[in-house]
**Student:** 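Quick one: the structure is below, and I'll ask about it shortly.
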Amino acid sequence: MLETTLQRRLEERRSLSRYRQRREIQSAQTSRLSLNGREFLQFCSNDYLGIANHPKLIQAMQDAAAQFGVGSGASHLVCGHSSLHHQLENRLADITGRERALLFSTGYMANLGVIAGLLGKGDQVLEDRLNHASLLDGGLLSGARFQRFQHNNLEDLERRLMTLPEQGERLIVVDAVFSMDGDMAPLPELAKLAQRYDASLMADDAHGFGVLGNTGAGSAEFFGLSQRELPILMGTLGKGLGSYGAFVAGSETLIESLIQFARPYIYTTAMPPAVAAATLAGLDLLQTEAWRREHLQSLIGYFKAQAASLGFNVMPSDTAIQPLMVGGEAEAMAISAELERRGILVTAIRPPTVPVGSSRLRITLSAAHSTADIDQLLAALCEILPEAGA
Ligand SMILES: *Cc1c(COP(=O)(O)O)cnc(C)c1O
């Protein structure tokens, strides 16, 4: 019986300290969140620029809702593609320096759409072991031969590329910034390998878009990679951009193919036009409030330096994702609970999201934080982990 089997699986997950629970937030996303009537300092959202609650995004959404209503009414290919969606696609293509961009309702769907929509039986997909679940799911769903290479290991990838059969397409897929580790993929070297072995390269820039690069255009801008070098660029709009949704940017051929063949694009209702309007306001802020990126960078530097001098086991990352490696599930949960008792929210990330034995506290920084917030977090960690903070 399904019910009995499910009860057994839930019990097993609980006994492994892997049970997941949701928190009910009663406020907008800022550096402070209210929860059960109490205010918490939080280091767990992906609102890296601190704009999810920005008055300009709110205003844009309200204005667009007044004009376009709430629901988009249909999928993009039926009659749900509004001029606001279209305008946003043009802006995204412009900002990323690509011929075109295509909106998806979520990043998860964009990744399924690209990989499973463009590749199939007889093709080859090579993914970094630590790629986001949506990329791995896309690889499996595609029906292509799917292999995972060692994290950020170019030698391992090249060894695999050398032994691929001649026929079929080849796609190398990576997170540009790894979501649970915060380190970056060596995109320029990956682009060279892709070229040498006649493969295409796809990067998921969920954690770089809006944050990295001179204008906030993300990892491709950070490394100066053109459409030819990085032909499939995916980004999300619910993290750094403070809004919701995702996009894929690349050639005219790529985008037209996605419109024709990507099932997660075709068979779903378009995001509300007002959400696209809010995202457009978020893109305006990339230009007018560059201080957010600069402030975030200085907070990252401050956190790293302070954490290192206090002896904390912070993973090597230069991005807003600064995980503190713990190891065991129960231990990570206990530290997170102790922080919460002190009024600080940091999520414990456990298997199966990360490999067994690498449970961690995923600390995320945002432009909404101050150095005093970071001091408060580190002081609390010193109390909880006195041996590390000695
Ligand atoms: C969050 C995330 C996604 C999914 O994006 P959504 O818009 O939240 O569905 C995809 N890839 C990576 C690397 C992510 O971190």
Side-chain angles (χ1 to χ4, degrees), residues 46-49 51 88-89 91-115 127-128 130-136 138-139 151-152 171-191 194 200-251 254-255 258 279 282-283 285-286 292-293 296-297 300 317-321 364-366:
N46 302 311
D47 175 27
Y48 300 121
L49 298 177
I51 61 173
L88 176 55
E89 290 182 342
R91 275 288 285 286
L92 289 166
D94 213 40
I95 286 173
T96 55
R98 266 56 184 166
E99 278 168 37
R100 278 185 71 184
L102 187 72
L103 278 180
F104 281 79
S105 294
T106 72
Y108 192 102
M109 293 165 76
N111 285 338
L112 291 190
V114 172
I115 305 172
E127 299 204 23
D128 189 289
L130 297 188
N131 272 0
H132 190 262
S134 55
L135 293 171
L136 301 172
H151 176 52
N152 276 352
L171 181 67
I172 301 169
V173 186
V174 294
D175 276 23
V177 175
F178 287 87
S179 56
M180 297 300 138
D181 291 56
D183 56 341
M184 296 181 73
L187 287 177
E189 290 78 12
L190 287 167
S200 295
L201 178 62
M202 169 181 186
D204 171 340
D205 206 18
H207 301 279
F209 186 68
V211 179
L212 297 174
N214 267 340
T215 69
S219 302
E221 182 185 35
F222 179 86
F223 286 116
L225 294 173
S226 66
Q227 180 177 298
R228 192 180 50 81
E229 294 161 306
L230 175 54
I232 309 177
L233 175 62
M234 174 274 190
T236 66
L237 306 169
K239 291 170 180 163
L241 262 288
S243 177
Y244 190 77
F247 69 92
V248 176
S251 71
L254 173 74
I255 300 307
L258 290 172
T279 310
L283 292 176
L285 292 181
L286 291 190
R292 291 179 181 276
R293 283 193 298 284
L296 178 60
Q297 283 312 315
I300 294 167
S317 157
D318 295 319
T319 68
I321 303 164
T364 50
L365 302 176
S366 134

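Just the heavy atoms: all of them, side chains too, but no hydrogens, waters or symmetry mates, feed the values below. Sequential numbering from 1 along the given sequence is applied to the chain's residues.
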**Student:** Could you pull out the closest heavy-atom pair between V177 and G182, with the gap in Å?
**Tutor:** CG1-O, 3.9 Å
**Student:** For residues 232-248, run the donor-acceptor check on the side chains, cut-off 3.5 Å, and write out each pair with its distance to 0.1 Å, sequence neighbours left out.
**Tutor:**
{"from": "S243", "atom 1": "OG", "to": "V275", "atom 2": "O", "distance (Å)": "3.4"}
{"from": "S243", "atom 1": "OG", "to": "T279", "atom 2": "OG1", "distance (Å)": "2.7"}

**Student:** Of all residues at least two apart in sequence or in a different chain, which pass the side-chain hydrogen bond (donor to acceptor under 3.5 Å, both in side chains) check with N111?
**Tutor:** S134, D204
**Student:** Go through the steps for L112 and F104 under the test side-chain contact (heavy atoms from CB on, under 4.5 Å), then give the verdict.
**Tutor:** CA-CA 11 Å; L112 291 190; F104 281 79; over 6 Å; no
**Student:** Locate the shortest heavy-atom distance separating L135 from I115; write the atom from each residue and the value.
**Tutor:** O-CD1, 3.5 Å
**Student:** How long is the gap from CG on N46 to CD1 on I321, to the nearest 0.5 Å?
**Tutor:** 6.5 Å
**Student:** Is a donor on one side and an acceptor on the other found under 3.5 Å between the side chain of S219 and the backbone of G208?
**Tutor:** no
**Student:** Taking salt bridge (Lys or Arg N to Asp or Glu O under 4.0 Å) as the cut-off, I'd like each qualifying pair that reaches into residues 205-231, sequence neighbours left out, listed once.
**Tutor:** none
**Student:** Tell me the closest heavy-atom pair linking A185 and L190, and the distance in Å.
**Tutor:** CB-CD1, 4.0 Å
**Student:** Looking at residues at least two apart in the chain, or sitting in another chain, which of them share a side-chain contact (heavy atoms from CB on, under 4.5 Å) with F222?
**Tutor:** M184, L212
**Student:** Using the side-chain hydrogen bond (donor to acceptor under 3.5 Å, both in side chains) criterion, which residues pair with N131? Sequence neighbours excluded.
**Tutor:** E127
**Student:** CG/D47 to OG1/T364 distance, rounded to the nearest 0.5 angstrom?
**Tutor:** 9.5 Å
**Student:** Side chains of P231 and L254: does their closest heavy-atom pair fall under 4.5 Å?
**Tutor:** no
**Student:** Residues in side-chain contact (heavy atoms from CB on, under 4.5 Å) with S366, at least two apart?
**Tutor:** A368, H369
**Student:** Test of understanding: with ring pair (Phe, Tyr, Trp, His ring centres under 6.0 Å), list the residues that count as partners of H207, not counting sequence neighbours.
**Tutor:** Y48
**Student:** Does any non-hydrogen side-chain atom of L286 lie less than 4.5 Å from one of T215?
**Tutor:** no
**Student:** Of the non-hydrogen atoms in V174 and L187, which two are nearest, and what is the gap between them?
**Tutor:** CG2-CD2, 3.8 Å
**Student:** Start with the C-alpha distance between I172 and M202, add both sets of side-chain angles, then the distance that settles side-chain contact (heavy atoms from CB on, under 4.5 Å), and finish with yes or no.
**Tutor:** CA-CA 6 Å; I172 301 169; M202 169 181 186; over 6 Å; no
**Student:** Going by salt bridge (Lys or Arg N to Asp or Glu O under 4.0 Å), name the pairs with one or both residues in residues 91-104, residues two or more places apart or in two chains.
**Tutor:** R91-D284, R100-E252, R100-E256
**Student:** Among residues two or more places apart or on two chains, list those pairs meeting salt bridge (Lys or Arg N to Asp or Glu O under 4.0 Å) that have a residue in residues 171-190.
**Tutor:** D181-R360
**Student:** Indicate yes or no for a side-chain donor-acceptor contact from R293 to the backbone of L49 under 3.5 Å, with no hydrogens or angles considered.
**Tutor:** no
**Student:** To check you understand the geometry: which heavy-atom pair defines the closest contact between E89 and L103, and what is its length?
**Tutor:** OE2-N, 2.9 Å
**Student:** Enter the distance from I255:CD1 to S251:OG here, rounded to the nearest 0.5 Å.
**Tutor:** 7.0 Å
**Student:** Can we call the ring centroids of F178 and H151 under 6.0 Å apart?
**Tutor:** yes
**Student:** Quick one: does N152's side chain get under 4.5 Å of P186's, heavy atoms only?
**Tutor:** yes
